[in-house]
Amino acid sequence: MDTTNEKELSLAEIVEQLKSAVDAENAKELVAQLKSQYYKRQSAVLEQMKQAWVEAGNQIETFAHTFEEEAEFKSVLQAYKQKRAEEIKVLEAQQERAYQLKKDILDKLSSLIEGNDDVDKIFSEVRKLQNDWKEAGEVAQSKYNEIIKRYQALMTQFYDDLKISNELRDYDFKKNLEIKTRLCEAAEKLIEEKHINDAFQKLQKLHEEWRETGPVAKELRDELWNRFKASSDIINHKHADFYQAKKVEEEANLAKKVAICEAVEAIEYLKAKSFKAWDDISSKVIALQEDWKKTGFAPKKDNTKIYERFRYTCDAIFKAKNEFYKTTKESLSSNLEKKKALVAQAEALKESKEWKEATEKFIKLQKEWKEIGPVSKRASEQVWKSFKDACDYFFEQKKIALEGTVSVGKSIEKLRRSFEKLNSDIITRENNIEFLNFGAKEQSPLVKQMQAQIDKMKKEREELRQKLVEMERKMRDEK
């Protein structure tokens, strides 16, 4: 199972991998990787959900979400912790037992070696104690150095200072030489190991085995140790360089994250007073969050602190955005109700024929409309169209009426001129009749003809007068 390449696994997939990891040989390492991966993924998903929640116009404080995978994840972790605790308890008991056994072995070795000059007699007993030492098991690291140094000193004393037959000494030296030569070869092979940390851990095991192995012939000791040490130094240097490079990388990541924090903190979100401004701010924050995700871990001592700094500012921005949306939403709703009320008034007034009074009311409504703030984009077009249609209808009817009034006025003026001309013609003809009829006893045919024309013209004049009276009355009514 490869967890080093942290591809975008779902939370459910990580939980499934965790179930298998708890029984793996390197369970501790795998569980730690998967635990980190799970919370990193969960945090990313949670941030996306929070942003969507706030952008939908909700308050950040009201956001709540429970991941259905978390209960199983924690259950698997808890079971692993219990299992691990039991394993550690057993291991500690085994290590303590091994420590006591090895202390007893050291006491027995010391008594045998320091109390006898004839080593040949005690050789088999020393050999048995050496085997007992190996079979006693591992000792806790905190107590290991204490007993291994004493064990090495006693073994060196046994082979170098006491009288032991060459045959026995050479046999053990040869056997130890084979073991330590193998350890040198194993250390040299570790130099090519790609995973530096794994190589370093394996090297520690080789050193432990080296210390547990007895001495070789004096003339080979320095040469063999220098060979083993040379490979160890290379691996140790690689390990130190690896962690130094990792430290440098983490410091660089910390610098990047500080810069990202400063960038998000520099956003003047408190000045945002429009939806567009908040859209721009949201885009900037989301882009910075993406940069954060692409940036690796900072040093362990700083990682949590710098993340909390970044998250605090992001949360503050989205909280302010949520407050803006909430307040603006209430304002937009209130403005919409006010504009709907104006629409209702305009629609009730649009059929009025009281042109002057209604015009003044419409101008007042339009002024009030301008003073009311904005409404939501969704409702803005419809409510404005309704108001505009009512206004346009009224003023169009007024235009038509006024154009009609002008036309009537022109007709009246024309009739009045016709009336005056006809009246003038009648007066002229009546004067002419008096002249032609002056002194005559009877009317002449010409006079009779002229009188008939005058009577006809008077009738036409009366019709014009009545028509003028009617048109003037109508014109007054329309005003």
Between Val216 and Asn176, what is the shortest heavy-atom contact and its length?
-> CG1-C, 3.8 Å
Is a donor on one side and an acceptor on the other found under 3.5 Å between the side chain of Lys108 and the backbone of Val126?
-> no
Can the ring centroids of Phe394 and Trp355 be said to lie less than 6.0 angstrom from one another?
-> yes
Can we say Glu323 and Lys319 salt-bridge, meaning some charged N sits less than 4.0 Å from an Asp/Glu carboxylate O?
-> no
Hey, is Lys128 close enough to Glu125 for a salt bridge, meaning N to O under 4.0 Å?
-> no
Would you please test Val264 and Cys314 for side-chain contact (heavy atoms from CB on, under 4.5 Å) and show each step?
-> CA-CA 7 Å; Val264 78; Cys314 290; 4.2 Å; yes
Would you call Glu16 and Lys19 a salt bridge, using N to O less than 4.0 angstrom?
-> yes
No-hydrogen, no-angle side-chain donor-acceptor test under 3.5 Å, Glu70 and Tyr38 = no
Derivation and outcome, side-chain contact (heavy atoms from CB on, under 4.5 Å), residues Thr181 and Arg227 | CA-CA 9 Å; Thr181 299; Arg227 178 183 174 185; 4.0 Å; yes
If only atom types and distance count, is the side chain of Lys256 paired as donor or acceptor with the main-chain N or O of Trp292 below 3.5 Å?
-> no
Does Lys205 come within less than 4.0 Å of Glu138, counting only side-chain N to carboxylate O?
-> yes
Where is the tightest heavy-atom contact between Leu11 and Gln42, given as atom of each residue plus distance?
-> CD2-N, 3.8 Å
Basic-acidic side-chain contact under 4.0 Å: Lys361, Glu354 | no
In terms of ring plane angle, is the pair Phe228 and Trp210 parallel, tilted or perpendicular, where the classes change at 30° and 60°?
-> parallel
Below 4.5 Å, heavy atoms only, C-beta onward: do Arg150 and Glu146 meet side chain to side chain?
-> no
Taken to the nearest 0.5 Å, the spacing of Leu18 CG from Ile14 CD1 works out to 9.5 Å
Minimal heavy-atom distance between Ala187 and Leu203, with the atoms involved, is CB-CD1, 4.3 Å
If we only count heavy atoms from C-beta on, is the Arg221 to Thr156 side-chain gap below 4.5 Å?
-> yes
Charged N to carboxylate O under 4.0 angstrom, Asp198 versus Lys202?
-> no
Decide, yes or no, whether a salt bridge links Arg182 with Glu209 under the criterion of side-chain N to carboxylate O below 4.0 Å.
-> yes
Are any side-chain N or O atoms of Ser334 and backbone N or O atoms of Glu330, one a donor and one an acceptor, separated by less than 3.5 Å?
-> no
Taking all atoms of both residues into account, what is the closest heavy-atom pair of Gln130 and Tyr151, and its distance?
-> CG-OH, 3.7 Å
Here the pair of heavy atoms bringing Lys350 nearest to Ala390 is CB-O, 3.7 Å
Go through the side-chain N and O atoms of Gln100 and Glu96 and say whether any donor and acceptor fall under 3.5 Å apart.
-> yes
Aromatic rings Phe387 and Trp384: how do their planes relate, parallel, tilted or perpendicular, breaks at 30° and 60°?
-> tilted
Passes side-chain contact (heavy atoms from CB on, under 4.5 Å), Trp278 versus Ile317? Steps please.
-> CA-CA 10 Å; Trp278 275 112; Ile317 290 174; 4.0 Å; yes
Cationic tip of Lys284 within the cone over Tyr269's six-membered ring, i.e. under 6.0 Å and within 45° of the normal?
-> no
Those residues that, when tested against Lys229, pass salt bridge (charged side-chain N to carboxylate O under 4.0 Å, His left out) (two or more places apart) = Asp233
Ser331 side chain reached by Asn335 side chain, heavy atoms, under 4.5 Å = yes
Which pair of heavy atoms, one from Arg309 and one from Cys261, lies closest together, and at what distance?
-> NE-CB, 3.6 Å
